[in-house]
Amino acid sequence: MATLLLLSGPNLNLLGDREPEIYGTTTLADLVASARSTAEQLGFDLEHVQSNAEGGLIDAIHNARHRCVAIVINPGAFTHYSYAIADALASFDGPIVELHLSNTHRREPWRHRSVITPVATGVIMGFGGDGYPIAVQVAVAKVLEATS
Ligand code: DQA
């Protein structure tokens, strides 16, 4: 079975407890379970890696090269300044879905810029936890489109 990689950046391990007025009360484990169930319904495996460190996310991206068919990534605050994560993603062959719980354009100006978007296939943002199954669906659609 082909494998999708779901990557969660810094502070997302605190979801459910962290700023619930912005990020909701759903835990990361619940979001991963909903993403995994969508992937499995579509015939794909889903691996999940969460790291609070830039290097941990970069290593997971390297490890996905030539092994996973697509990446769904919520890079957390690294979205806004990690050229190293953008470079690592640029080395990945398959579709890349950038995912955010909140609509970062409705928030502080420093969140309006993403250095990840230029290397992503597309972006899902602002739909809270509902974005997780949607991101998996569009990642799978892009994989199937590329192989048909
Ligand atoms: C986030 C948005 C980022 O600006 C923030 O630093 C996060 C979460 C989101 O999912 O809305 O940690 O990526």
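Along the sequence shown, the residues carry numbers beginning at 1.
Within the model, atoms SG of Cys68 and CG of Asn63 stand 7.5 Å from one another, a figure rounded to the nearest 0.5 Å. Note that CZ of Arg36 and CG of Leu6 are 8.5 Å apart. Values are rounded to the nearest 0.5 Å. Between the CG atom of Leu101 and the CZ atom of Phe127 there is a distance of 12.0 Å, given to the nearest 0.5 Å.
Considering all non-hydrogen atoms of both residues, Pro75 and Pro10 come closest at O-CD, 3.5 Å. Pairing each heavy atom of Leu28 with each of Leu15, the nearest pair is N-CB, 3.9 Å. Nearest heavy atom pair, residue Ser82 against residue Ile116, reads O-CD1, 4.1 Å. The minimum heavy-atom distance between Ile73 and Ile85, with the atom names listed, is CD1-CG2, 4.2 Å. Looking at every heavy atom in both residues, Ile61 comes nearest to Ala88 through CG2-O, 3.5 Å. Among all heavy-atom pairs drawn from Gly131 and Leu99, the shortest one is O-CD1, 3.6 Å.
No donor-acceptor distance shorter than 3.5 angstrom exists from the side chain of His100 to the backbone of Gly128, with no hydrogens or angles considered. Looking only at distances, a side-chain donor or acceptor of Thr121 sits under 3.5 Å from a matching main-chain atom of Ile96. The closest donor-acceptor contact from the side chain of Asn74 to the backbone of Gly9 lies at 3.5 Å or more, if one exists at all. With Arg18 contributing its side chain and Tyr23 its backbone, the two residues share no donor-acceptor pair below 3.5 Å.
Looking at His105 and Met125, their side chains come closer than 4.5 Å, going by heavy atoms from C-beta outward. Side-chain contact between Val72 and Leu4 is absent, with no heavy atoms from C-beta onward closer than 4.5 Å. A heavy-atom distance below 4.5 Å is found between the side chains of Val143 and Pro95.
When the side-chain hydrogen bond (donor to acceptor under 3.5 Å, both in side chains) test is applied to Thr79, no partner is found at least two apart in sequence or on another chain. The ring-ring contact (aromatic ring centres under 6.0 Å, His included) check on His80 picks up Trp110, with sequence neighbours excluded.
At a cut-off of 3.5 Å, with distance as the only test, a side-chain donor of Thr117 or Glu98 sits close to an acceptor on the other residue.
Phe44 pairs in a side chain to side chain contact (heavy atoms under 4.5 Å, CB included) with only one of the listed residues (Val69, Thr3, Thr38), which is Val69.
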> Does the side chain to side chain contact (heavy atoms under 4.5 Å, CB included) test come out yes or no for Val97 and Lys142, once each step is laid out?
Replying inline: CA-CA 10 Å; Val97 181; Lys142 283 287 154 196; over 6 Å; no
